[in-house]
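These notes are about the structure you will find just below.
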Amino acid sequence: MIKAVRGFKDILPGETEKWVYLEGLARRFFNAYGFREIRTPILEKTELFARSIGEATDIVEKEMYTFLDRNKESVTLRPEATAGICRAVIEHGLYAKAKVLKLFTMGPMFRHERPQKGRLRQFHQFNAEVFGSHAPGTDAEVIALAMDILQAGGAKDLRLEINSLGCPECRPAFRENLRQFLRKNADKLCEDCKRRTERNPLRALDCKKETCQAVYENAPLIEEFWCEECRKHFAKVLEELGLLGLEFVKNPRLVRGLDYYVRTTFEIKAQGLGAQDTVAAGGRYDGLLKALGGPDIPGVGFAIGVERFLLVADLPANLEPRLDLFVAALGEEAKKQVLPLVRSLRNKSISVDLDHEGRSLKAQLKVANRLKARYALILGENELKEGVALLRDMETGEQESISLSELEKELIKRLS
RNA sequence: GUGACCGUAGCUCAGGUGGUCAGAGCGCCGGGUUGUGGCCCCGGAGGUCGUGGGUUCAAAUCCCACCGGUCACCCCA
């Protein structure tokens with residue numbers, strides 16, 4: 001048997017209804033916050049991700065689905081959405097259309113990692129990106145949007161963690177200082193952190209090993225290095241979050257895995273997700289557009305992991321579709337009578353199904369029951385003779401006789 | 001890439017120390033109701049016991065390898 005590729009999952013009926021529900025929910029909020037939808041390709045030139053995410057990140061080094069196209073050009077299945085959106089914004093000059101450009105997208109991302117709870121190789125995100133605003137209020141607005149979507153989906157016990165990574169003005173000094181600290185304490189660190197010391201010292205702070213965390217109790221803090229601008233920016237973001245009524249926890253060790261973040265970074269964590277407890281994450285990426293060859297326009301955004309969202313969402317129980325009407329036509333003649341009616345009702349958005357296998361009435365009603373039909377319409381020889389059809393209420397079992405000439409009108413009245 | 005655990009019908013799972021152990025529940029199909037679903041009763045279909053090798057008189061059961069799944073590490077949504 002041919003099975004789906006590891007880490008790639010079918011989303012089956014029963015699940016798809018939940019997806020559609022959450023997508024609709026997210027769309028309503030994106031709309032309410034003034035975001036327009038953009039859809040970019042799933043495949044991009046590899047260079048785009050290498051330049052935006054960062055050459056030395058795990059994503060680029062070992063997690064991308066990269067291959068040579070037939071013309072020998074290296075292409076990659078997008079591991080995240082921001083890079084592609086930035087590319088499109090630059091390519092089409094979208095930044096010229098409005099001072100502040102608000103975009104959202106939803107769709108699959110691909111990362112070649114070992115699957116586990118809340119982690120697939122093809123996974124899905126809801127993404128929001130704002131271009132053209134340096135204002136801290138925009139950071140807060142974007143965070144509020146993410147929180148609103150998650151809360152509307154019934155996610156409980158959300159924990160918003162926030163930090164500022166500084167900017168190109170102040171971060172290098174911190175990075176160097178931290179590196180010195182790590183070198184001094186190298187003998188107490190795990191192998192991973194020793195490696196991070198030279199490659200990406202900030203990431204060491206994120207290490208989950210208690211022995212390392214014990215060392216980092218005394219590590220230098222980024223806030224001690226923030227420049228005046230970064231300090232003011234962060235304070236203002238927090239103030240606006242407070243005004244929006246959002247609780248947060250400052251986490252000076254919060255470091256993201258993508259190089260393009262500056263200043264504000266945040267993660268929204270939830271209970272019940274196992275080891276991968278971040279449902280949403282994002283931050284500010286002011287230099288990214290310029291780095292990709294565009295104008296020097298700032299950006300802020302976030303991604304919600306849809307699979308993880310589903311794990312913590314509290315959804316309505318009645319998402320599975322119900323059939324309005326099941327038509328049980330007994331015999332060829334009855335079926336001929338009923339086909340035009342079925343089509344007509346369907347064209348009025350009334351959901352109707354019928355049996356094409358010529359099965360017994362009993363079997364047909366059984367199907368009607370399984371499809372959770374509200375009504376069944378029974379038309380057999382007896383009814384044909386009398387020029388009527390029987391409308392059976394599948395809840396109560398009550399049946400009434402309706403003349404064929406009135407049938408369509410009656411059904412529309414009851415079912416629309 | 002590393003580790004732990006797991007792999008029996010469509011689904012959820014039983015099957016002490018190898019010898020009617022190929023089963024149950026749910027689902028599906030049919031019958032009980034010559035034209036009436038849901039509840040109940042009866043019957044039926046459906047399985048290379050993940051794959052391949054080995055030990056043995058005998059393996060779903062023990063051993064090895066491989067494949068697949070789950071969770072965790074790394075990292076991240």
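A side-chain donor-acceptor contact under 3.5 Å links A/Thr105 to the backbone of A/Ile38.
The environment of A/Arg39 atom CZ is sparse: at most 12 non-hydrogen atoms of other residues, nucleotides or ligands sit within 6.0 angstrom. Counted within 6.0 Å of CD on A/Glu400, heavy atoms from surrounding residues, nucleotides or ligands total more than 12; the atom is thus considered enclosed. Dense packing is recorded around CZ of A/Arg183, with more than 12 heavy atoms of other residues, nucleotides or ligands lying under 6.0 Å away.
Rounded to whole Å, atom C1' of B/G1 lies 11 Å from atom CZ of A/Arg6. A straight line from CZ of A/Arg111 to P of B/C74 spans 16 Å, rounded to a whole angstrom. Atom P of nucleotide B/A77 and atom CD of A/Glu161 are separated by 14 Å, given to the nearest angstrom. Separating the CD1 atom of A/Ile2 from the P atom of B/U51 is a distance of 18 Å, rounded to the nearest angstrom. Between A/Phe49 atom CZ and B/C76 atom P there is a gap of 17 Å when expressed in whole angstrom units. If you take NZ of A/Lys362 and P of B/U33, they are 9 Å apart, rounded to a whole angstrom.
Heavy atoms of A/Lys269 sit nowhere under 4.0 angstrom from any nucleic acid atom. Residue-level contact check: A/Gln364 touches neither bases nor backbone, having no heavy atom under 4.0 Å from any strand. Among the heavy atoms of the strands lying under 4.0 Å from A/Leu120 is at least one base atom, whether or not backbone atoms are also near. At the heavy-atom level, A/Arg359 lies under 4.0 Å from the strands shown only through sugar-phosphate atoms. Heavy atoms of A/Ala280 sit under 4.0 angstrom from primed sugar atoms or phosphate atoms, though from no base atom. At the heavy-atom level, A/Glu381 lies under 4.0 Å from base atoms of the strands shown. In this structure, A/Gly397 reaches the bases: a heavy-atom distance under 4.0 Å links it to at least one base atom across the strands shown.
For the OP1/OP2 pair of B/A77 and a distance below 4.0 Å, the side-chain nitrogens and oxygens of A/Gln125 include no atom meeting the criterion.
Nearest-nucleotide positions on RNA chain B for A/Ala281 and A/Asp393 put A/Asp393 closer to the 5' end. Mapping A/Leu361 and A/His112 onto RNA chain B via the closest heavy atom, the residue that lands nearer the 5' end is A/His112.
The line from CD1 of A/Ile53 to CZ of A/Arg78 is 12.0 Å long, rounded to the nearest 0.5 Å.
Judged by atom type and distance alone, A/Asn369 does not reach the base of B/G38 through any side-chain donor-acceptor pair under 3.5 Å. Between the base of B/C76 and the side chain of A/Arg308 there is a donor-acceptor pair shorter than 3.5 Å. The base of B/G35 lies close enough to the side chain of A/Glu383 for a donor and an acceptor atom to sit less than 3.5 Å apart.
Nearest to the side-chain atoms of A/Arg392 among the listed nucleotides B/A72, B/U36, B/C74 stands B/U36. Of the listed nucleotides (B/U70, B/U2, B/G37), B/G37 has the atom at the smallest distance from the side chain of A/Lys366. With distances taken from any side-chain atom of A/Leu365 to the nucleotides B/A77, B/C74, B/U36, the minimum falls on B/U36. Ranking B/C71, B/G35, B/G68 by closeness to the A/Lys117 side chain, first place goes to B/C71. When distances run from any side-chain atom of A/Arg114 to the nucleotides B/G1, B/G68, B/C71, the shortest one goes to B/G1. Among B/C28, B/U70, B/U36, the nucleotide with an atom closest to any side-chain atom of A/Gln399 is B/U36.
Minimum interatomic distance between A/Pro108 and A/Gln122 (heavy atoms only, all atoms of both residues): CB-NE2, 3.4 Å.
Secondary-structure stems of RNA chain B, taken as three or more successive Watson-Crick or G-U wobble pairs (i with j, i+1 with j-1) under a 3.5 Å distance threshold, comprise B:1-7 with B:67-73, B:10-13 with B:23-26, B:28-32 with B:40-44, B:50-54 with B:62-66.
A/Phe35 and A/Phe104 have their aromatic ring centers separated by at least 6.0 angstrom.
For the side chain to side chain donor-acceptor pair (under 3.5 Å) test with A/Asp139, the passing option among A/His233, A/Lys236, A/His134 is A/His233; the others fail.
Going from the P atom of B/G46 to that of B/G3 covers 42 Å, rounded to whole Å.
Ring pair A/Tyr65/A/His112 is tilted by interplanar angle, where 30° to 60° counts as tilted.
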